[in-house]
Amino acid sequence: MATPHVWSFTTVQAPSAPKTITLPVQTDTWLDDQGTVGPNGPTVWAGAYGSSAPRAIERTYLKFDTSALAGKTITEAKLELWNSASFGCGAADSGLKAQQVTGAWSAETLSWRNQPQTTTNGEALAKDPGGCIGDSPPSDVAWTWPVTDIVRRWASGQDNHGLMVRGVDESTSAPQYDRGFHASETEEAEAHPPTLKVTYTDNAGPSPTPTTPPPVRTRHRRRSSRWNRPTEPRTCRPTPR
């Protein structure tokens with residue numbers, strides 16, 4: 001009998017349709033190099049504040065729970081903050097950048113001296129939507145930072161310690177460019193707390209298909225015709241005398 005051959009097949013699932021989720025901020029706070037911290041305030045601040053140099057340098061820290069994105073394919077991620085107060089238009093290159101935080105921190109114990117490390121890898125820059133003219137900066141407007149690369153790293157398993165928003169210029173001669181945003185504790189009637197908006201797809205992978213061996217053909221040997229002849233009666237020859 002010939003050895004049966006077993007065929008195996010693998011089918012690949014088509015990519016899923018993109019999905020978008022909005023993740024609320026889990027923890028937010030801000031601080032400056034003058035000793036001010038605001039883990040429970042209605043506004044978080046970033047930039048440089050003061051009528052003359054050296055100005056107070058401010059930074060905002062944010063954490064989001066991205067555990068639901070583990071193993072997903074991230075196609076787009078945006079940090080969204082609602083600008084509710086502004087001071088100064090700064091210089092032509094003034095703006096705020098969002099960076100990935102690479103060390104642990106707590107809103108209750110964070111200070112200027114014990115800030116965690118950040119990385120410029122994947123940082124995003126944003127400026128006043130619509131621009132800033134003279135000394136009348138806009139407010140009551142949404143700001144957006146593209147942070148796709150950062151969220152991709154979190155989805156692939158890298159530790160998520162959140163984001164930091166800081167001014168582009170933090171030097172002692174930085175021009176006044178200060179922006180306040182709704183915090184999670186905002187008291188505004190129309191609240192816009194920080195969010196992380198993510199578009200993703202589920203990873204497509206091979207799905208096993210049951211394997212069925214083909215029918216086995218059995219070869220039968222044909223018996224020779226000599227075995228199929230009718231048996232003839234034997235005749236006894238006379239014994240010679």
Side-chain angles (χ1 to χ4, degrees), residues 15-30 42-47 58-86 90 93-103 105 107 116-132 137-169 177-186 188 190-203:
S16 64
K19 304 172 185 176
T20 299
I21 59 173
T22 300
L23 302 175
V25 68
Q26 297 294 304
T27 305
D28 57 353
T29 187
W30 73 279
T43 306
V44 290
W45 296 88
E58 303 164 338
R59 296 174 177 175
T60 283
Y61 283 83
L62 308 162
K63 279 184 184 177
F64 298 89
D65 181 2
T66 58
S67 58
L69 302 175
K72 309 295 185 183
T73 298
I74 309 302
T75 57
E76 185 180 48
K78 297 183 293 184
L79 170 66
E80 296 185 354
L81 302 181
W82 186 263
N83 177 210
S84 56
S86 302
D93 59 349
S94 292
L96 300 177
K97 53 187 178 181
Q99 296 179 333
Q100 179 183 358
V101 181
T102 57
W105 57 276
Q117 294 292 317
T118 61
T119 177
T120 58
N121 188 12
E123 72 176 13
L125 173 65
K127 296 186 176 183
D128 294 283
C132 187
S139 60
D140 291 325
V141 63
W143 281 50
T144 301
W145 289 260
V147 290
T148 304
D149 289 343
I150 296 175
V151 177
R152 280 177 178 162
R153 290 195 285 271
W154 293 340
S156 66
Q158 192 173 112
D159 289 342
N160 174 6
H161 297 293
L163 300 166
M164 180 182 71
V165 179
R166 63 193 296 178
V168 170
D169 188 352
Y177 188 84
D178 191 30
R179 300 294 180 268
F181 303 92
H182 281 191
S184 57
E185 297 89 350
T186 183
E188 296 292 330
E190 293 186 14
H192 300 280
T195 59
L196 187 63
K197 197 171 194 177
V198 184
T199 300
Y200 69 91
T201 58
D202 294 312
N203 282 333

Looking at Q100 and N121, what are the two nearest heavy atoms and their distance? OE1-O, 4.4 Å
Under the rule for side-chain contact (heavy atoms from CB on, under 4.5 Å), what residues qualify as partners of A155, not counting sequence neighbours? L69, I74
So which of D28, V44, T27 actually passes side chain to side chain contact (heavy atoms under 4.5 Å, CB included) with S184? D28
What is the distance from atom CG of D169 to atom CG of L96, rounded to the nearest 0.5 Å? 11.5 Å
Nearest-0.5 Å distance, NE2 of residue H161 to OG1 of residue T102: 7.0 Å
Only counting residues at least two apart or in another chain, list the ones meeting side-chain contact (heavy atoms from CB on, under 4.5 Å) with P116. Y61, V101, W105, L110
Inter- and intrachain pairs under salt bridge (Lys or Arg N to Asp or Glu O under 4.0 Å), touching residues 69-81, at least two apart: K72-D202
Are any side-chain N or O atoms of N160 and backbone N or O atoms of W154, one a donor and one an acceptor, separated by less than 3.5 Å? no
Among all residues two or more places apart in sequence or in another chain, which pass the side-chain hydrogen bond (donor to acceptor under 3.5 Å, both in side chains) test with T120? none
NZ of K97 to OG1 of T118: how many Å apart, nearest 0.5 Å? 8.5 Å
Starting at CG of L62, measure out to CG of L79 and round the result to the nearest 0.5 Å. 6.0 Å
Would you list the pairs meeting salt bridge (Lys or Arg N to Asp or Glu O under 4.0 Å) in which at least one residue belongs to residues 143-168, sequence neighbours left out? D149-R152, R166-E170
Between S139 and S84, a side-chain donor and acceptor under 3.5 Å: no
Just grab all the salt bridge (Lys or Arg N to Asp or Glu O under 4.0 Å) pairs involving residues 117-130, residues at least two apart or on different chains. D128-R179
Could you tell me how the ring of F181 sits relative to the ring of W143: parallel (under 30°), tilted (30 to 60°) or perpendicular (over 60°)? perpendicular
